[in-house]
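For reference, the structure discussed in these notes is given below.
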Amino acid sequence: MPDSGPDHPTVSADTVRRRLRIRGIVQGVGFRPTVYRLAVERGLGGWVLNDAEGVLVELEGPADRIDDLLAALRRDPPPLAHITAIASTAVPLEGERDFRIAASGGGRRSALISPDMAVCPDCLRELLDPADRRFRYPFINCTNCGPRYSIILDVPYDRPKTTMRAFAMCRACRAEYDNPADRRFHAQPNACPVCGPCLALHDAAGRPLAAADPVRAVREALLAGRLVAIKGLTGFHLAADARNDEAVGELRRRKGRDEKSFALMAASAEAVRRRAVLTQPERTLLESKERPIVLLRQRPDHDLSALVAPRSPYFGFMLPYAPIHYLLFENDFPPMIMTSGNLAEEPICRRNTEAIRRLAGIADLYLLHDRPIETVCDDSVTMVQRDRPLMLRRGRGYAPRPLALPLETPQPILAVGAELKNAVCFARGAEAFTSQHIGDLKNALAAAYFEATIEKLERLLEIAPAVIAHDLHPAYLSTRYARRRAAGAPGLRLIGVQHHHAHIASVCAEHGLEGDVLGLAMDGTGYGTDGTVWGGEVLRASAVNFERLGHLAYVPLPGGDAAIEHPVRTAWAFLLQAYGPEEAKRRRGGRLADVDDDSLRLWAEMIDKKVNAPQACGLGRLFDAVSVLAGLCAENSYEGQAAVELEACLPRQAAAEGTCLSGRQAPDDAEPYEFAIAEALQGWVIETVPLIRGVVADAEAGRTPAYLSARFHATVAAMLRDAARRARHETGLTQLALAGGCFANDRLGRLLVPALEADGFQVYVHRDVPPGDGGVALGQAHVAASRLRSELEG
Ligand SMILES: [Zn+2]
Ligand SMILES: [Zn+2]
């Protein structure tokens, strides 16, 4: 459609008046100025305003120009906007010739809130321009960038309902804020050095330090090996020089984090590329306005401390996103660790005083500011698998942006998620709002953050759930929360959803799949409908229900959760299963060789007497056992460590040596171990005994961990491929969903997915939602919504 300006000839244009109701993320993102500009350009009369449902517009003028405005709005919305619906109705003419921006209205609250976004190119230019009045001002922002979700207290989104309410705008800022033609028109966090927040430096005891240039002082401290707590956009980071062994070691010691990799920030994509392999899709993701952490293959010749990411094949890099980061990393400042400002498993700090209290003994210096953070969000973590982004931890930049559900839910739903890597999800209509990553609910602070996040999102989205969807595990804190809340609210209904059904339903929700699908749900543990611990599941699933077609063989876990923390226990159980007690003892190798006889005897007794030795079939446990038998990991100091180390020892890909990208798709020709699929009473079982025997034989023959690992990954891929074919043979279904934490494993994905596609399956994997337990809540919400619908439809 041609662009029609005011000079556009009005050919028999009947004057009409239309009211537009625009929904989505349309507030605080420069929507009204855009509508204003488009209306003025087209000589239309009327007004635009924000209300609690989104944006309301009335336009009066020739119908073709109104249509043209709508087309322009859809084609080129403001950068941070996310339009979910535009409804247009005819209203009586009022004779309005001019267009204006009207005062915000009241009413029901359902406008959506933008995630917090990286500083935009315009603001960045001003930040570094000595002639600009915001030169080097760390809180520069506009309607296209800056804080949103993190500063909102309530809706509608207006300055008095943000943490910026304490700052009165100066005349210059006010003029921008009031000018519909300005990039900062109604930019709620608008501020400048005269009127806005400012930085402050504090010592290890929390006492203010005089510093003419706090950023420079922090740069010097970091280069001197000190640990600095830095308040950023949506939380605190602990920063340390990533090249400095002593500083990184000290950070590990003080933070109580033994082995898990630290996140890194580097000045530019170029600086990242000097330390890690960076493909084009990875670079695009790294530089996206969401600015997630991207897991990238380490280059062998990097200059960073080996303590940054010990025994991991990856570095988790992100680029500067808040203006303060750009100032810190100016002039190619070296890469810094920028890890969440918290102790292991605790949520990230929120308030200045809280940071000083909780990070006491960790930070040598605090770089603080006085713009309060209302809602903290961890940095999002992503990787690129088979050239497409995969979300591993959904947080800053993405939350609370909605995802579209395949079908509308008849009633509002709260899905409370799982236990580890918890996130919650609200469903209303056809939208699902997955919260930011909350964390491990076994931690008391995370449990409080869980409840606070639910309360906050209920208020901001104005959702009063009629249904709470939860996991079947009775001891999960999220399940107990659901029960407690339902007990106190008659009429509030509970819907329990099996863990792995939720995993598969989550993939279906993300891809809009309807009807029955096959699902491979592969993770560490999840509560089964028979009370055993599931996690190696081949399912036939709809959004309403599921059937378990087959699963990995069970193995008892001596000590239950203790076996998950200490994979040597699991490895011993697998060995007993493969050889019986006498031969197992003779042939125990790898990290099992270090275990004393008394412990082995005790664990064997627990298994024999069935005391605290639950039956489990999680693929994650098989990774644990093989990692131990290969001589790698004996303790999981963080979730999934044994599997990470098993993947890490794989022979380096050709691509890691240089810039050849096709090398990443290099075929893996390791020969799988034997395995078998056997009929069982209910469904069939993928036997793991032959695999364990193969691993032990290779270890005894002196094969390297890399060799064992390559064969093991090839075996898992072959097993799952066979299982999928068998499931298709039984059901005739060809749509196949893959979910569960095991699918974060890059090697497995690269081996399995192309093989399944070659077999004629339509394979669906997560992209926007984590494949691990962070994705469970979306699946719970989808199942609950579908059950409600099927009840209504009888
Ligand atoms: Zn901006
Ligand atoms: Zn100002």
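These numbers were taken from a predicted model, which means no experiment stands behind them. Ligands are counted one by one from 1 in listed order, and the atoms in each one are counted from 1 as well.
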Exercise for review: Give a yes or no on this: more than 12 heavy atoms of other residues, nucleotides or ligands lie within 6.0 Å of atom CZ of Arg216.
Suggested key: no
Check your understanding: Do Arg65 and Glu60 meet the salt-bridge criterion of a basic N to acidic O distance under 4.0 Å?
Key -> no
**Study point:** Full working for side-chain hydrogen bond (donor to acceptor under 3.5 Å, both in side chains) between Gln436 and Tyr149
**Key:** CA-CA 10 Å; Gln436 71 274 24; Tyr149 180 45; 3.0 Å; yes
Point to revise | Heteroatoms of the protein, restricted to N/O/S, which lie under 2.8 Å from the Zn ion (ligand 1) | key: Cys120 SG, Cys123 SG, Cys142 SG, Cys145 SG
**Study point:** Charged N-O contact under 4.0 Å between Asp241 and Arg243
**Key:** yes
Check your understanding: So do the side chains of Phe236 and Leu368 get within less than 4.5 Å of each other, counting heavy atoms only?
Key -> yes
Review point. Thinking salt bridges, do Glu374 and Lys456 make one under a 4.0 Å N-O criterion?
Key: yes
Practice item. Could you name all protein N, O or S atoms found under 2.8 Å from the Zn ion (ligand 2)? Key: Cys170 SG, Cys173 SG, Cys192 SG, Cys195 SG
Point to revise | Ion pair check, Asp122 and Arg125, cut-off under 4.0 Å | key: yes
Check your understanding: Does the pair Arg219/Glu330 count as a salt bridge with the N-to-O cut at 4.0 Å?
Key -> no
Check your understanding: When the ring centroid of Tyr137 is compared with that of Phe135, is the distance short of 6.0 Å?
Key -> no
